[in-house]
Number of protein chains: 2
Amino acid sequence: MPRMASQERRTEQRREQREALRERILEVSREIVRREGFASLSMRKLAEAIDYSPAALYLHFKSRGDIARALRVQGHASLRDAFLAHTSIADPAARLNAMGRAYVEFGLAEPETYRLMFMELAASAGPSSEARAGSPGDAPGNGDAHAAEPGAATLSMIADAFVELRAADRLPARAAPLACAEGLWANLHGIVALKLNGAALPETPAATLVELSLDAWFAPANRTEPRFSSANRPDTSTR
Amino acid sequence: MPRMASQERRTEQRREQREALRERILEVSREIVRREGFASLSMRKLAEAIDYSPAALYLHFKSRGDIARALRVQGHASLRDAFLAHTSIADPAARLNAMGRAYVEFGLAEPETYRLMFMELAASAGPSSEARAGSPGDAPGNGDAHAAEPGAATLSMIADAFVELRAADRLPARAAPLACAEGLWANLHGIVALKLNGAALPETPAATLVELSLDAWFAPANRTEPRFSSANRPDTSTR
DNA sequence: GTCTATAGCACGATAGAC
DNA sequence: GTCTATCGTGCTATAGAC
């Protein structure tokens with residue numbers, strides 16, 4: 001059955017090419033977003049960058065918001081990887097320290113990606129922002145109402161550490177570990193978000209704020225391990 | 001000199017009418033932003049709302065970004081007022097508690113105003129976001145490079161409280177009071193920002209997170225004053 | 001599947017009559 | 001000071017040829 005085989009091979013090639021183009025679109029999109037932000041990712045610009053017509057994009061992605069969704073998923077995977085690199089740290093406080101730093105470093109190193117992941121979801125849930133000039137279906141949050149799900153993995157890694165802290169009776173606050181995790185997350189996000197907005201928080205470097213915040217959220221555990229104490233530790237990055 | 005007087009009266013009336021119209025534009029703008037967000041405030045829509053032509057707006061505001069700037073100033077004044085209501089609290093920890101709550105309540109009560117004030121400044125300082133379809137000079141951050149200044153008053157109120165805490169030796173962390181103030185601010189901002197983005201932080205109510213955060217940042221002072229302890233205090237608002 | 005061409009819309013800002 | 005009319009731009013998405 002050589003004819004059958006060759007046909008199968010052809011369709012297989014087709015599928016691979018299709019997949020490859022889709023991947024290439026995402027790759028170029030990611031780079032544009034990284035450098036100029038999602039707001040400046042237009043279908044025209046994207047099409048020109050991959051040397052196709054704008055119409056071709058719509059064969060692989062339902063809309064611009066659909067691309068945003070894919071990029072967000074990739075970003076969350078990237079952040080999760082950064083966290084995974086520290087899961088081997090046995091001490092939960094030390095692990096939280098490492099993860100907290102990693103989180104803020106991720107946000108400051110990839111500001112536009114971070115913005116896309118955590119700061120431009122407004123349009124998906126409210127009647128608010130990101131109402132651009134174009135047509136409907138444009139908002140980055142569209143296409144998936146459960147867009148928060150991809151970040152759940154990283155949040156639960158933080159929560160796990162708090163559970164361990166609580167189990168070892170090293171957690172001062174008497175609240176649910178999940179609530180602590182969300183509180184710490186909010187704190188870290190606040191640092192990144194204010195820094196990304198440029199004008200705000202002009203005085204204190206982000207690294208110092210991170211140290212302070214980690215101290216604040218589980219200081220006792222920290223104080224018994226001077227390895228991670230903040231005050232007498234030179235700031236490595238002065239972003 | 002009756003002729004002179006009448007002329008003066010006329011120009012005075014003119015000036016008042018001018019001022020009144022400008023005030024009316026701002027008032028309507030504020031309401032539109034409050035309900036639909038700044039991104040959806042277009043000069044056309046605004047003009048129709050005040051029953052003038054779009055061109056008339058440019059007699060009172062240089063650009064759309066100029067309106068944004070005026071609205072931000074008003075918002076900061078409003079937030080400052082909310083803080084001023086608590087400056088009379090003598091105990092610095094209690095004062096910080098009240099101000100922290102007020103901050104988050106402000107953000108959650110006026111999400112779009114808050115967004116305009118703290119989350120849409122990106123375009124002013126970076127090559128990023130808010131690149132809309134229209135012409136240049138559109139970004140909300142334009143028109144004043146020192147846009148962070150209006151918020152300085154509220155920040156220094158927080159910093160003052162930390163200075164007092166430090167003076168009374170009730171501040172656990174050994175860092176500069178200003179850094180603590182910015183850290184706490186970042187924490188509060190993170191809570192509001194994540195809540196405003198809807199999808200994120202689905203589990204824990206904001207009020208609980210605020211309590212936890214305030215506890216985290218100056219817990220010892222808090223624990224000696226059970227009046228403000230959080231765990232055994234019913235959440236009044238479950239936003 | 002990919003292209004060209006364009007529809008259709010919305011915007012910010014300005015020119016020039018009155 | 002206000003209006004009408006419009007310029008110039010950018011966008012998403014689709015129609016229809018190949």
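All figures in this text were calculated on a predicted structure; none of them were measured in a lab. Lettering follows sequence order; numbering is per chain, from 1.
Regarding B/Leu41, its CG atom lies at a distance of 14 Å from the C1' atom of C/dA10, rounded to whole Å. When the P atom of C/dG1 is taken as reference, atom CD of A/Glu16 falls 14 Å away, rounded to whole Å. Look at CE on A/Met43: it is 12 Å from C1' on D/dT14, rounded to the nearest Å. Nucleotide C/dG12 holds its C1' atom 11 Å from the CZ atom of B/Phe38, rounded to whole Å. Separating the CG atom of A/Asp66 from the P atom of D/dT12 is a distance of 14 Å, rounded to the nearest angstrom.
Contact annotation: A/Ser42 does not reach the phosphate of D/dG10 (side-chain N/O to OP1 or OP2, under 4.0 Å).
For the contact set between residues 45-60 of chain B and DNA chain C, defined by any heavy atom under 4.0 Å, the members are B/Ala55, B/Tyr58. Residues from residues 23-30 of chain B lying near DNA chain D, meaning a heavy-atom separation below 4.0 Å, are absent.
Within the 4.5 Å cutoff, no side-chain heavy atoms of A/Ile32 are placed close to those of A/Ser29.
Under the side chain to side chain donor-acceptor pair (under 3.5 Å) criterion, B/Ser213 pairs with B/Asn187, not counting sequence neighbours. B/Glu12 pairs by the side chain to side chain contact (heavy atoms under 4.5 Å, CB included) definition with B/Arg15, B/Glu16, not counting sequence neighbours. Take B/Glu48 and apply the side chain to side chain contact (heavy atoms under 4.5 Å, CB included) test, not counting sequence neighbours, and it matches no residue. When the side chain to side chain contact (heavy atoms under 4.5 Å, CB included) test is applied to A/Ser156, no partner is found at least two apart in sequence or on another chain.
Ring geometry, A/Tyr114 versus A/Tyr103: the interplanar angle exceeds 60°, so the pair is classed perpendicular (tilted spans 30 to 60°).
Using a 4.0 Å heavy-atom cutoff across all strands shown, B/Arg44 reaches at least one base atom of the nucleic acid.
Judged purely by atom type and a 3.5 angstrom limit, B/Arg80 has no side-chain atom pairing as donor or acceptor with the backbone of B/Thr154.
Within the cation-pi definition used here (under 6.0 Å to the ring centroid, within 45° of the axis), A/Arg64 qualifies as a partner of A/Phe38.
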